[in-house]
Amino acid sequence: TLITAFDVGVASMVMGLGWGGVAGLSCLFFFRCRIDRNAAAAKLGIKATENLPGLAARDVFGSGRFARFLAAILIGNTLYVAMYVHMIPMLVWRGLPREEAAWILGFGGAASIASQALCGVLADRLPGRFISAVSVSLLAVASAFLLVPTGSLAVRVVPVLCVAVVGGERIHMLSYLTTRYFGLKAFGTIFGVVAATMAIPVGLGPLLAGYVYDRTGSYELLLMVGIP
């Protein structure tokens with residue numbers, strides 16, 4: 001392996017450049033957007049007529065709807081990332097051996113992939129806000145099941161599946177909702193702010209969960225906060 005032949009640093013750099021290079025070259029030569037099409041039309045002396053629907057960035061950033069949208073992302077993703085990162089410690093805290101906890105967590109990957117496909121199908125039939133609302137409510141279900149003192153393995157699988165389903169929904173439904181609420185006119189700028197907000201819980205959620213456990217010796221307080 002690369003680590004054996006070189007070291008961890010070189011191996012990480014090669015792996016990053018490998019996948020990053022493939023993605024970068026693919027985007028460079030095969031990806032075309034509105035700016036490229038308008039530039040090509042200008043070279044041919046054709047007036048660009050492609051106007052995308054939606055709001056201007058300045059109108060979105062000053063709206064209460066956008067503030068509520070970001071607040072919902074911040075709160076929901078903080079709890080999700082906290083539970084996702086600490087899921088094995090939570091299961092161990094509830095009495096499961098670490099090996100069984102890791103084995104159960106394997107179900108989460110399949111559930112996450114399935115939830116992405118399911119959310120895509122539902123998005124064509126139902127309002128996206130309902131899908132996200134039901135998805136986030138699964139965090140409350142997961143919290144409630146983790147608070148139940150039981151030795152049942154089946155009961156411990158439920159919160160793992162719930163959190164995995166939420167993760168699958170979060171991946172693409174937020175970009176979908178951004179286009180539905182604010183349009184495509186300034187999507188790049190608007191979703192840049194959304195993505196930055198999504199990144200905050202990645203560091204904040206696990207930190208808060210770890211702090212709660214270190215101060216109280218359990219995850220009970222975190223899970224009780226996650227239910228409402």
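In this chain, residues are counted from 1 in sequence order. All heavy atoms count here, side chains included; hydrogens, waters and symmetry mates do not.
- Taken together through direct or relayed side-chain contacts under 4.5 Å among Ile, Leu, Val, Met, Phe, Trp and Tyr, I200 and L174 form parts of separate hydrophobic clusters.
- Contact of the L153 side chain with the W103 side chain is registered, since non-hydrogen atoms from C-beta on lie closer than 4.5 Å.
- Contact check for F66 versus V193: side-chain heavy atoms found under the 4.5 Å cut-off.
- Annotation: side chain of I88 is not in contact with side chain of I104 (no heavy-atom distance under 4.5 Å).
- Evaluation of the side-chain contact (heavy atoms from CB on, under 4.5 Å) rule for V148 yields T150 as partners, not counting sequence neighbours.
- Ring geometry, F187 versus F191: the interplanar angle falls under 30°, so the pair is classed parallel (tilted spans 30 to 60°).
- Separating the CG atom in L122 from the CD1 atom in I131 is a distance of 5.0 Å, to the nearest 0.5 Å.
- In this structure, C162 and L139 have side chains that are not in contact, with every pair of non-hydrogen atoms separated by 4.5 Å or more.
- The two residues G203 and L207 come nearest to each other via the heavy atoms O-CB, 3.4 Å.
- Few gaps surround CD on E100; more than 12 heavy atoms of other groups in view lie less than 6.0 Å from it.
- No more than 12 heavy atoms of other residues, nucleotides or ligands shown are found within 6.0 angstrom of OH on Y84.
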(request) Apply side-chain contact (heavy atoms from CB on, under 4.5 Å) to L74 and M198, showing your working. (result) CA-CA 7 Å; L74 188 62; M198 292 167 60; over 6 Å; no

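- Scanning all heavy atoms of the two residues, the minimum distance from G167 to S112 falls at C-OG, 4.3 Å.
- Summarising the geometry of L138 relative to V165, their closest heavy-atom pair is CD1-CG1, 3.6 Å, with the distance given to 0.1 Å.
- Pairs of residues two or more places apart, or lying in two chains, that qualify as ring-ring contact (aromatic ring centres under 6.0 Å, His included) and include a residue from residues 206-228 are H86-Y219, W93-Y219, Y213-Y219.
- Taking the side chain as every heavy atom from C-beta outward, K185 and L55 never approach each other to under 4.5 Å.
- Hydrophobic cluster membership differs between L118 and V134, with clusters built from Ile, Leu, Val, Met, Phe, Trp and Tyr side chains linked at under 4.5 angstrom.
- Taken to the nearest 0.5 Å, the CD1 atom of I73 stands 6.0 Å off from the OG1 atom of T197.
- Within a 6.0 Å radius of CZ in F69, more than 12 heavy atoms belonging to other residues, nucleotides or ligands are found.
- V166 and I227 fall within the same hydrophobic cluster, defined by Ile, Leu, Val, Met, Phe, Trp and Tyr side-chain heavy atoms under 4.5 Å apart, directly or through other members.
- Partner R94 forms a side chain to side chain contact (heavy atoms under 4.5 Å, CB included) with one of P89, S218, P149 and no other, that one being P149.
- For S135, the side-chain hydrogen bond (donor to acceptor under 3.5 Å, both in side chains) partners at least two apart in sequence or on another chain are E169.
- Taking CG from L105 and CG from L96, the interatomic distance works out to 11.5 Å, rounded to the nearest 0.5 Å.
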(request) For M83 and S143, run side-chain contact (heavy atoms from CB on, under 4.5 Å): C-alpha distance rounded to whole Å, both residues' side-chain angles, the deciding distance at 0.1 Å, then the answer. (result) CA-CA 9 Å; M83 296 185 70; S143 298; 3.8 Å; yes

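- Taking both residues in full, the closest heavy atoms of T189 and F61 are given as CG2-CZ, 3.8 Å, listed atom of the first, atom of the second, then distance.
- V92 and L221 fall within a single hydrophobic cluster, where Ile, Leu, Val, Met, Phe, Trp and Tyr side chains are chained together by heavy-atom contacts under 4.5 Å.
- Taken to the nearest 0.5 Å, the SG atom of C119 stands 10.5 Å off from the CG atom of L126.
- Residues M173 and A123 come closest through the heavy atom pair SD-CB, 4.4 Å.
- Within the 4.5 Å cutoff, no side-chain heavy atoms of R180 are placed close to those of P127.
- The closest side-chain heavy-atom distance from I75 to L79 is not below 4.5 Å.
- Taking both residues in full, the closest heavy atoms of L146 and R156 are given as CA-NH1, 3.9 Å, listed atom of the first, atom of the second, then distance.
- The cluster map of Ile, Leu, Val, Met, Phe, Trp and Tyr, joined by side-chain heavy atoms under 4.5 Å apart, puts L161 and Y80 in the same cluster.
- Side chains of M90 and L222 form a contact here, defined as non-hydrogen atoms less than 4.5 Å apart.
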